[in-house]
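Have a look at the structure below, then the notes.
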Amino acid sequence: EAPRAEKAEVPNVHDPSFGEAQKDVFRRLDEMKMDYEVVKKVCEKRGWPSLSQMSPESRENILGWLKSEAGVRLYKQMEG
């Protein structure tokens with residue numbers, strides 16, 4: 001079961017928390033061998049906002065879910 005993330009109410013608006021979290025997010029994606037642009041496609045496919053638009057709590061949930069079997073499978077599909 002995929003975690004819940006709030007729907008994006010305002011398109012293309014970064015959550016203020018993303019500025020300071022950005023380095024950590026990219027480091028963690030790098031450790032998982034995942035590309036941010038592909039993760040954006042995964043979020044879009046699931047109807048979620050991009051990581052930069054999520055609250056810190058939702059972002060944590062999604063980063064954790066991306067490590068799951070379902071997350072990895074969807075990532076690989078979206079990778080092309």
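Note that the structure is predicted; figures quoted are calculated from it, not measured. Residues: numbered from 1 along the sequence shown. Reckoned from all heavy atoms, side chains included, excluding hydrogens, waters and symmetry mates.
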Please test Trp65 against Val42 for side-chain contact (heavy atoms from CB on, under 4.5 Å), starting from the C-alpha separation and ending with a verdict.
-> CA-CA 11 Å; Trp65 177 80; Val42 168; 3.9 Å; yes
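- Distance CD/Gln22 to OG/Ser52: 8.0 Å, rounded to 0.5 Å.
- Salt-bridge annotation for Lys33 and Glu79: absent, with no side-chain N of the basic residue lying under 4.0 Å from a carboxylate O of the acidic one.
- For the side-chain contact (heavy atoms from CB on, under 4.5 Å) test with Met32, the passing option among Asp35, Leu29, Asp30 is Leu29; the others fail.
- A salt bridge is absent between Lys41 and Glu44; no separation between the charged side-chain nitrogens and carboxylate oxygens falls under 4.0 Å.
- Shown here for Phe18 and Val25, the closest heavy-atom pair between the two residues is CE1-CG2, 4.1 Å.
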Passes salt bridge (charged side-chain N to carboxylate O under 4.0 Å, His left out), Glu31 versus Lys67? Steps please.
-> CA-CA 11 Å; Glu31 286 171 3; Lys67 295 178 184 176; over 6 Å; no
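- Taking CD1 of Ile62 as the reference point, atom CE of Met54 lies at 4.5 Å (rounded to 0.5 Å).
- Distance check: Arg59 CZ to Ser17 OG gives 4.0 Å after rounding to the nearest 0.5 Å.
- Going from atom CH2 of Trp48 over to atom CD of Gln53 covers 14.0 Å, rounded to the nearest 0.5 Å.
- Closest approach of Asp15 and Ser55 over heavy atoms only: OD2-CA, 3.8 Å.
- Note that CG of Leu66 is 7.0 Å distant from CG of Leu51, once rounded to the nearest 0.5 Å.
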